[in-house]
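Working notes, structure below.
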Amino acid sequence: MIKGRTRIKLKIFIIFLLFLAGLFYFVQKDELTRLQHSEILVEFVELLSNEWKYPELQNSIECVDEKIKKRDHYSCNPTYLSCILKNNYFNPKIKGRPIEYELHSQPKLLKRRNKRSYQLNMEIEGKDHTLEIVDGCRETFLPQRFYRFFVANRDIKTDWDNFGRHIYIDKYRVKNWEVQLWAQDQKREEILTRYKSLNPLESARDLNKEEMKQYCEFFGKHVLSAQIFDAATIHPEEIDNPESKLLRGSYYSWVRRNSMAELYSVQFENNDITEENLNKLCVKTYGFECLHLSKEDNLIDSSSWSGIKEVFGGDFQYLKNNINPSENLFLSSEYFTLKSKVHTTGQRGGWTGDGFTRKEFNFKEFREDLKKEGDFGVNFRCMRYR
Amino acid sequence: MLKLLIFVLLISCHSNQHDPILHSFFTFKDVKASLPSTDGEVITRPMNSWVRVFENEDSCFYYKTPFRKELGEIRITNKSSKCSYDSEIELRVEKVKGLTYKISHTNKDDLRLTLEFNDFKEEYKLINTQLKHTSKLLDNGLPRSFISSIYIDKKYPQQRNLKDKDLCHGVNSNCQNVVGYRCEKCPAGFYEVVDFNCSQGGSKYCGSDNCGKKNEPACPRGYKILGSKLKSLCFDGSPAGLCGPGLRTFCNEDNILICI
């Protein structure tokens with residue numbers, strides 16, 4: 001039988017042990033809650049990443065332009081993402097139950113080395129977090145191989161290679177929303193005023209050469225050069241063999257054999273442009289005859305073997321060209337009829353780089369094919385080395 | 001009843017109390033592996049030594065390798081200015097044997113680390129860690145992490161950038177890197193010059209790319225196109241670089257091919 005004092009000591013000891021057990025339990029529970037929150041966080045971010053890269057457009061009508069519907073325009077687009085988050089069009093779930101979130105700020109452009117990203121301040125399940133969302137959709141890598149550069153139209157060519165060099169090219173022409181975000185960060189008030197009323201999803205068409213250079217340099221990039229543009233748009237003869245020196249120079253960026261392109265028969269075999277072939281033609285080349293169709297959605301499908309899009313048609317494209325400065329403008333555009341041979345790779349004219357009236361442009365031998373005058377616009381894109 | 005209570009406490013103490021600390025170490029930090037990848041092999045050497053296995057922005061993961069009958073020990077220590085196995089200890093696990101780790105990923109993301117020791121095995125999603133990559137067709141060139149496009153609460157240490165015209169990658173006539181590649185530190189991009197005939201390309205400088213213009217470097221044509229065995233591609237009239245109209249290549253005193 002336990003004596004009185006020993007009994008008290010035992011009771012104190014048991015209480016102490018129970019206290020330790022309780023403390024241990026609550027610490028474990030707190031750790032468990034933290035673990036559970038981190039699992040929810042990872043699930044949320046995985047779903048957000050999918051939406052960022054492959055947006056589901058049908059459930060977010062307010063955030064989608066009624067005339068511009070292709071997914072490319074909205075992937076890796078922070079203004080679209082911010083719209084769906086603000087309006088709760090994004091509905092992530094974990095094990096069947098919705099994850100609660102709230103967006104606290106507009107996306108802020110971050111300048112990081114070698115990548116473009118945006119900061120979002122959010123509250124996820126009651127806790128504040130800073131997400132950095134990286135743009136991984138809007139560049140493509142130029143494969144390392146031999147290439148041909150058309151130095152003077154298609155008359156003078158120079159062959160070169162990029163083995164050991166990493167070159168990344170913007171997949172799309174620079175858009176108004178991208179220029180706006182840059183202008184906001186750099187406090188370029190007069191650019192911001194110009195761009196306030198423009199459709200953010202359309203390509204930027206009124207920057208001068210110097211502004212284009214400043215935009216690209218902000219991201220550690222350069223304005224796309226004519227030499228690299230030729231490389232990315234001229235379909236290789238032997239695409240599977242990077243060591244191939246067979247460099248013929250096909251006319252169209254999406255197909256190796258010229259005669260396989262619908263456009264070839266219209267340009268070189270005098271075929272008519274009919275209602276049947278017009279849609280097929282416009283999807284590859286948004287030319288003069290396509291003006292009644294949706295520009296942005298058609299242009300986006302004009303793709304090249306290397307992965308860049310919006311190659312032919314639409315507005316002119318400025319290409320930096322120090323090797324032949326009088327050829328700094330890719331001429332394939334909506335200003336020329338589809339029948340014109342201007343819609344082939346390596347066809348370039350000249351632009352003074354500042355101003356958009358007729359006298360700023362030189363269309364060379366394609367002057368006669370010009371169908372749309374005035375209101376010329378010049379798009380551009382950037383490239384970078386690594 | 002007392003014995004029962006002590007018994008219950010003892011077995012609950014044993015279960016994974018180091019897990020939340022390990023989880024926090026790997027999941028939301030930028031983890032760097034300090035040992036060359038073991039790819040699943042048990043870490044045993046050098047014996048009876050403190051080796052740093054991983055580190056992140058705030059902490060360091062050390063392992064004292066086993067020796068003879070003495071088993072190993074894992075320590076996660078707080079990183080003050082640099083790592084040390086005897087700074088403030090966040091986690092200590094004794095009597096460790098068979099410590100091994102494996103890093104796996106599919107394509108561009110889904111970067112995971114599996115850590116194993118004793119009867120503990122856990123897989124961590126490396127959210128904020130970046131792994132170098134190789135570029136190929138249709139690649140976006142981003143480093144790998146668990147989800148390559150999103151980082152959570154990632155901290156960036158203050159980074160010093162280079163200035164315009166700084167040399168960010170220097171090669172010599174033996175194609176050795178005299179200045180290691182660091183061109184991501186250039187604030188407004190970089191450009192390559194034509195100097196030596198190397199597979200890693202010529203030297204590179206921070207700044208706008210004005211290649212081909214008068215008194216500027218010639219635009220590189222690539223080191224394979226000429227099929228040359230010369231050590232240097234820099235000589236007057238060299239075809240290794242492109243220049244604008246009316247200009248020709250000339251090798252300056254820095255052994256850089258320029259256009260004049």
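Just so it is clear, the structure is predicted and the values come from calculations on it, not from any experiment. Atoms considered below: every heavy atom in the structure, side chains included; atoms not considered: hydrogens, waters and symmetry mates. In what follows, every chain begins at residue 1, and chains take the letters A, B, ... in the order their sequences are listed.
- The parts of A:Leu48 that come within reach of chain B are both its backbone and its side chain, each placing non-hydrogen atoms under 4.5 angstrom from that chain.
- Here the shortest heavy-atom pairing between A:Val42 and B:Lys125 reads CG1-CD, 3.8 Å.
- Formation of a donor-acceptor pair under 3.5 Å by the A:Asn322 side chain with backbone atoms of B:Cys211 is found in this model.
- In terms of non-hydrogen atom pairs under 4.5 Å with chain B, the most contact-rich of A:Ser225, A:Gly220, A:Ser326, A:Gly164 is A:Gly220.
- Both the backbone and the side chain of A:Asp159 come within contact range of chain B, with heavy atoms under 4.5 Å apart.
- In this structure, A:Tyr54 has no ring-ring contact (aromatic ring centres under 6.0 Å, His included) partners at least two apart in sequence or on a different chain.
- A donor-acceptor pair is defined here as one N or O able to donate and one able to accept, closer than 3.5 Å; such a pair exists between the side chain of A:Lys320 and the backbone of B:Asp209.
- Looking at A:Ser49, both its backbone and its side chain come within 4.5 Å of chain B, counting heavy atoms on both sides.
- Proximity to chain B is limited to the side chain of A:Gln227, based on heavy atoms less than 4.5 angstrom apart.
- Counting heavy-atom pairs under 4.5 Å between each of B:Ser208, B:Ser199, B:Gly201 and chain A puts B:Ser208 at the top.
- When side chains are defined from C-beta on, A:Tyr385 does not count as touching B:Cys183, because their heavy atoms never get closer than 4.5 Å.
- Within the 4.5 Å cutoff, the side chain of A:Leu131 has heavy atoms near those of the B:Ile152 side chain.
- B:Asn174 is linked by a side-chain hydrogen bond (donor to acceptor under 3.5 Å, both in side chains) to B:Lys231, counting only residues two or more places apart in sequence or in another chain.
- Listed in order of number, the residues of residues 213-220 of chain B that approach chain A to under 4.5 Å between heavy atoms are B:Lys213, B:Cys219, B:Pro220.
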Checking A:Leu41 against B:Phe28 for the side chain to side chain contact (heavy atoms under 4.5 Å, CB included) test, could you report, in this order, the C-alpha distance in whole Å, the side-chain angles of both residues, the deciding distance, and whether it holds? CA-CA 11 Å; A:Leu41 198 54; B:Phe28 295 111; 3.9 Å; yes

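- Enclosure of atom NZ in A:Lys157 by more than 12 non-hydrogen atoms of other residues, nucleotides or ligands within 6.0 angstrom is indicated.
- Using a 4.5 Å cut-off between heavy atoms, A:Gln144 does not touch chain B at all.
- Of the two parts of B:Ile127, only the side chain, counted from C-beta on, holds a non-hydrogen atom closer than 4.5 Å to a non-hydrogen atom of chain A.
- Counting heavy-atom pairs closer than 4.5 Å to chain B, the top-ranked of the candidates A:Lys245, A:Lys171, A:Lys221, A:Arg165 is A:Arg165.
- Contacts between A:Phe146 and chain B at a heavy-atom distance below 4.5 Å involve the side chain alone, from C-beta outward.
- With values rounded to the nearest 0.5 angstrom, A:Asn162 atom CG is found 10.5 Å from B:Lys224 atom NZ.
- Heavy atoms closer than 4.5 Å to chain A are found in both the backbone and the side chain of B:Ile150.
- Here the side chain of A:His222 pairs no donor or acceptor atom with the backbone of B:Ala188 at under 3.5 angstrom.
- Within the 4.5 Å cutoff, side-chain heavy atoms of A:Arg386 are placed close to those of B:Tyr181.
- Here the closest non-hydrogen pair linking A:Val134 and B:Tyr151 is CG2-CE1, 3.6 Å.
- Scored by the side-chain hydrogen bond (donor to acceptor under 3.5 Å, both in side chains) test, A:Ser117 finds A:Glu132 as partners (sequence neighbours excluded).
- Atoms CD1 and NZ, from B:Ile147 and A:Lys53 in turn, are 8.0 Å apart once rounded to the nearest 0.5 Å.
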